[in-house]
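Shown next, in structure tokens, is the structure this report addresses.
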Amino acid sequence: MVPLNLDALNPAQREAVTAGDGPILILAGAGSGKTRVLTYRIAYLLSEQKLAAEELLAVTFTNKAAAEMRERLQTLLGPQASRLWISTFHSACARILRQDIERLGYRRNFTVYDESDAASTLSRAIEAANLPGAPNLGAIRVRIDQAKNEGLTPQDLAASEGPNDAVIADIYRLYQQRLHELNAVDFGDLLLLTHQLFQSHPEVLRRWRERFNYLLVDEYQDTNRVQYLLLRALAAGKDNICVVGDEDQSIYRWRGADIRNILEFERDFPAARIFKLEQNYRSTKTILAAAHTLIVHNTERKEKELWTNNESGDPITAFTGNTERDEADFIGREIARLCRESYKPADVVVFYRTNAQSRVIEEALVRRRIPYYVVGGLRFYDQREIKDLLAYLRVISNSADALSLTRLIGTPPRGIGARSIEAMEELAAREGMTLFDAMGRAESESSIALRISRQITALHEWLRDLIARASTMTVRAILEEVIDSSGFLKYLEGLIDGTARRESVSELLSAADIFDADFGGPGGLGDFLERVSLISDADQVSAKGGSVALMTLHTCKGLEYPVVFVAGMEEELFPHSRAQGPGELEEERRLLYVGMTRARRLLYLTNALSRELFGRRQESRPSRFLAEIDPGLIRRAALAPRNEPIRMPSTEPYIDYSESQIAHETNGELAVGARVEHPTFGAGVVRRREGRGEGAKAWVHFDRAGTKLLMLKFAKLRLIAQ
DNA sequence: AGCAACCGTGTTTTT
DNA sequence: CACGGTTGCT
């Protein structure tokens with residue numbers, strides 16, 4: 001192995017990388033080379049301190065960050081990098097539980113439920129319990145989730161004194177019981193059950209503690225209480241723990257992140273050494289200064305100021321539109337202008353506070369034919385047909401998963417309705433068997449019509465047979481068999497948007513292909529399902545396609561772009577109306593701080609005077625955050641006069657990014673069959689397309705106005721549906 | 001049992 | 001406004 005070359009590091013970074021054993025806190029400001037330090041530290045520990053790859057556990061915030069770190073280490077270290085545990089907290093816990101969860105009474109093939117699975121399980125548990133006067137579902141969910149993030153069991157919650165905590169503790173207990181019956185865990189359980197495992201089985205903890213001689217944690221400011229407890233437990237004795245973070249970038253408090261973890265690290269680990277990285281390599285002096293004038297309005301922080309050798313750069317641009325559409329149009333116009341100069345669409349990102357804001361921005365970009373992609377919002381694996389198919393896979397992997405089984409029975413429709421399922425549930429409860437096993441006895445149930453019970457038996461036998469063979473099959477093969485024998489495709493064809501749904505099915509098939517290739521053969525179903533459950537929005541970010549990126553501010557952590565727009569800088573929206581408490585306000589401010597510091601060269605902050613919010617048009621006041629930034633650093637773009645008509649795309653030169661343009665079209669944008677809306681002609685369907693690029697035209701058949709030939713360059717068409 | 005149309009409801013951010 | 005859930009009809 002080549003000796004590690006540390007020349008690429010500045011003195012502060014080098015010190016942190018080469019520090020010896022014991023607790024280390026690296027306070028790394030935005031753009032200060034945090035990831036670089038972390039990867040070099042790992043490389044240093046392996047190549048200079050001669051640790052084995054197996055002795056390290058590195059925890060990141062997203063799978064994508066983990067993958068990137070692994071990749072960088074591959075180039076620094078070579079193949080041994082692939083033996084490192086680099087993963088998110090949730091994935092690491094899932095992996096630990098796969099080995100040892102039997103001690104908690106679950107089976108190793110447990111299913112990981114996503115939020116909506118968990119919600120319906122909870123809802124059914126409440127229903128079954130028949131509790132009068134219970135608070136509403138949402139509040140209960142939030143409270144249980146919080147409890148799990150704090151490491152609290154139902155008993156612990158019962159002893160705490162929040163309003164309704166006693167009632168909620170009962171529901172929490174029932175919910176856990178139900179999950180246990182289904183051999184399923186939710187996101188919070190991954191952490192909490194691992195914690196409980198360590199508490200109740202010291203020999204297991206000892207084993208893992210002996211294995212991991214060194215812990216590294218990225219984004220430490222966003223860890224919650226259980227994660228902290230897990231780290232304490234694993235580090236105990238050696239205290240070889242190195243955490244990296246920046247309290248100014250803590251933006252997940254609402255999800256249980258406890259900023260005290262980082263603020264009190266020195267108290268928790270008295271031997272801690274602290275390294276500060278304050279040189280920023282990313283942004284211009286102006287952007288950094290503006291971000292600083294904003295963040296000093298927070299009180300819950302350690303004073304520090306980033307500095308940079310980069311040039312001063314341009315002032316920050318502020319723009320105020322009359323409406324959100326006006327604002328979006330400015331963004332589109334400005335991106336078009338930048339792209340005529342020295343930038344590409346992929347250099348640009350638009351951030352917003354809420355997912356709902358993306359729509360009007362998308363429309364503006366479509367009008368200018370600027371290629372873009374939206375990160376987050378509707379996730380691929382949340383689409384109905386995908387969840388339907390995953391229900392099959394889950395039942396095959398874990399037949400106790402009655403939630404997925406119920407879903408499977410209903411799609412495609414087989415004539416087995418709620419009444420029959422209820423009858424089987426009763427049977428199952430009576431005999432102490434699973435719903436799946438009850439299916440095998442359906443024909444002996446007098447309350448189920450013979451016609452239906454035969455259906456049930458057939459389905460049961462088919463599933464049993466598939467389960468028996470699944471361990472020798474690839475995920476792709478299982479999926480294909482499910483799709484072929486269940487009549488799933490025929491069912492999709494019958495749906496209105498069947499074509500789009502079939503496309504996502506084939507996307508799922510290729511995801512399975514890729515997984516099978518990675519996994520190296522059959523038997524990987526459980527791993528596939530786990531990976532799918534733990535995938536996050538941020539994992540999907542990619543510069544592929546040369547497109548402008550659109551995402552919420554929460555998704556933007558760890559990214560950087562030459563040009564950044566932050567849209568919707570308005571009171572009620574940002575800071576959000578639901579985040580008005582003092583602590584929450586500081587978090588909103590940090591959120592903007594994180595967004596601003598993603599920018600390398602140009603930063604735009606935009607707002608609108610009136611906006612459609614929650615279905616109503618409302619006056620909107622500029623965000624207080626705008627006033628907190630030093631006005632000397634801001635240049636105001638001309639305010640559009642009231643009622644000025646929105647500029648037609650025809651006034652803008654067409655930008656041709658043919659490669660990404662094609663990607664856009666194959667995504668189905670204005671494909672034949674697409675349903676669109678025209679400002680004067682109303683709704684219609686694209687019948688035929690002619691030409692491409694500048695001269696592209698389309699025949700559109702309008703419901704009321706008949707068929708028209710439109711130049712896409714001019715027509716203000718809005719896509720309604722595929 | 002299954003579908004379509006209706007109504008009402010709840011709208012931040014997400015591993 | 002978009003979704004889920006419910007109702008009522010076939």
Side-chain angles (χ1 to χ4, degrees), chain A residues 59-66 87-94 112-116 118-120 123 127 136-139 141-142 145 148-149 185-192 218-219 222-224 226-227 250-257 351-360 375-379 381-382 384 409-421 448-449 451-452 455 491 494-496 530 533-540 551-557 568 572-580 584 587-588 590-592 594-595 612-617 720-721:
Chain A
V59 189
T60 60
F61 200 69
T62 63
N63 291 303
K64 176 165 182 274
S87 66
T88 62
F89 259 109
H90 289 83
S91 304
C93 287
V112 180
Y113 274 1
D114 69 21
E115 189 139 335
S116 66
S120 25
S123 155
E127 231 171 78
N136 76 51
L137 184 70
R141 253 172 59 197
V142 167
D145 207 47
K148 288 186 173 181
N149 284 152
V185 307
D186 65 14
F187 286 141
D189 282 342
L190 288 172
L191 307 174
L192 182 65
D218 196 7
E219 309 283 8
D222 280 321
T223 50
N224 62 33
V226 206
Q227 290 168 335
S250 166
I251 56 175
Y252 282 95
R253 202 180 89 129
W254 51 274
R255 212 175 69 194
F351 296 140
Y352 35 79
R353 181 64 178 80
T354 66
N355 283 118
Q357 286 167 259
S358 77
R359 174 134 169 216
V360 66
V375 183
L378 232 196
R379 281 173 28 198
Y381 289 102
D382 286 342
R384 204 195 307 150
I409 292 172
T411 23
R414 300 183 161 84
I416 308 171
R419 277 228 323 271
S420 315
I421 292 179
I448 302 174
R451 183 174 54 87
I452 294 170
Q455 284 277 329
Y491 158 69
L495 299 179
I496 321 141
E530 179 173 312
S533 315
L534 296 178
I535 236 162
S536 75
D537 287 339
D539 299 335
Q540 322 274 322
M551 68 187 84
T552 68
L553 285 149
H554 281 91
T555 314
C556 78
K557 177 143 59 170
E572 308 290 292
L573 189 59
F574 194 23
H576 197 273
S577 54
R578 306 261 298 221
Q580 297 291 329
E584 292 169 312
E587 174 137 320
E588 296 283 301
R590 288 193 294 268
L591 195 52
L592 177 57
V594 172
E612 202 156 300
L613 210 56
F614 311 134
R616 296 208 68 79
R617 180 152 292 283
I720 302 175

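For clarity, every value in this text was computed on a predicted model and none was experimentally measured. Labels below follow one simple rule: chain letters A, B, ... track the order of the sequence lines, proteins then strands, and each chain is numbered from 1.
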Could you check whether the side chain of A:His554 and the base of B:dT13 have a donor-acceptor pair of N or O atoms closer than 3.5 Å, going by distance alone? yes

A:Arg255 side chain N/O closer than 4.0 Å to the phosphate oxygens (OP1, OP2) of B:dT14? no

B:dT12 to C:dG5 separation - C1' atoms, rounded to the nearest Å: 24 Å

Could you give the distance from CZ (A:Arg590) to CG (A:Leu553), rounded to the nearest 0.5 Å? 13.5 Å

Whole angstroms only, please: what is the CZ-P distance between A:Arg141 and B:dT14? 14 Å

Side-chain N or O of A:Asn149 versus OP1/OP2 of B:dT15: is the shortest distance under 4.0 Å? no

For a quick check under 3.5 Å, do A:Gln357 and A:Thr354 share a side-chain donor-acceptor pair by atom type? yes

Does the side chain of A:Arg359 get closer than 4.0 angstrom to OP1 or OP2 of C:dA2 through an N or O atom? yes

Indicate whether OP1 or OP2 belonging to B:dA1 is found under 4.0 Å from a side-chain N or O atom of A:Ser420. yes

Would you mind telling me which residue lines up with the more 5' stretch of DNA chain B, A:Ala418 or A:Arg353, judged by nearest nucleotide? A:Ala418

To the nearest Å, how far apart are A:Asn355 CG and C:dA2 C1'? 14 Å

Atom CZ of A:Arg617 with >12 non-hydrogen neighbours under 6.0 angstrom: yes

Rounding to an integer number of Å, can you tell me how far A:Arg253 CZ sits from B:dT12 P? 17 Å

Check: A:Trp254 ring centroid to A:His554 ring centroid under 6.0 Å: yes

Output the rounded distance in Å from CD1 (A:Ile409) to P (B:dG2). 12 Å

Kindly assign one of parallel, tilted or perpendicular to the pair A:His90 and A:Phe187, based on the angle between their ring planes and the thresholds 30° and 60°. perpendicular

Looking at A:Asn63, I'd like to know whether one of its side-chain N or O atoms comes within less than 4.0 Å of OP1 or OP2 on B:dT15. no

To the side chain of A:Pro413, which of C:dC1, B:dT15, B:dG2 is closest? B:dG2

Is the distance from OP1 or OP2 of B:dT15 to the nearest side-chain N or O of A:Thr62 less than 4.0 Å? no

Taking C-beta and beyond as the side chain, do A:Leu190 and A:Val112 meet within less than 4.5 Å on heavy atoms? yes

Roughly, in whole Å, what's the span from OH in A:Tyr252 to C1' in B:dT13? 7 Å

Ring-base stacking, A:Trp254 with B:dT13 (5.5 Å, 30° cut-offs): yes

Interatomic distance where CG belongs to A:Leu534 and C1' belongs to B:dT14 [whole Å]: 13 Å

Check every strand shown and say whether A:Arg414 touches a base, only sugar-phosphate, or nothing at a heavy-atom separation below 4.0 Å. sugar-phosphate

Any base atoms under 4.0 Å from A:Ser120, or only sugar-phosphate, or nothing? Heavy atoms, all strands. nothing

With a non-hydrogen cut-off below 4.0 angstrom, is A:Leu190 in contact with a base, only sugar-phosphate, or nothing? nothing

5' priority, DNA chain B, between A:Ala579 and A:Phe187 [closest heavy atom]: A:Ala579

Side-chain N,O (A:Thr555) to OP1/OP2 (B:dT14) below 4.0 Å: yes

Which part of the nucleic acid, if any, lies within reach of A:Glu587 when heavy atoms closer than 4.0 Å are counted: base, sugar-phosphate only, or nothing? nothing

Is there aromatic stacking of A:His576 on B:dT12 here, judged by a ring-centre distance under 5.5 Å and a plane angle under 30°? yes

If you check the A:Glu588 side chain, which of B:dA1, B:dT12, B:dT14 turns out closest? B:dT12

So, the side chain of A:Thr223 versus the backbone of A:Glu219: is there a donor-acceptor pair under 3.5 Å, distance only? no

Tell me: CD of A:Glu115 to P of B:dT12, nearest whole Å? 12 Å

With sugar-phosphate meaning primed atoms plus P, OP1 and OP2, does A:Phe89 contact a base, only sugar-phosphate, or nothing at under 4.0 Å between heavy atoms? nothing

Rounded distance in Å - CZ (A:Arg451) to C1' (B:dG2): 12 Å

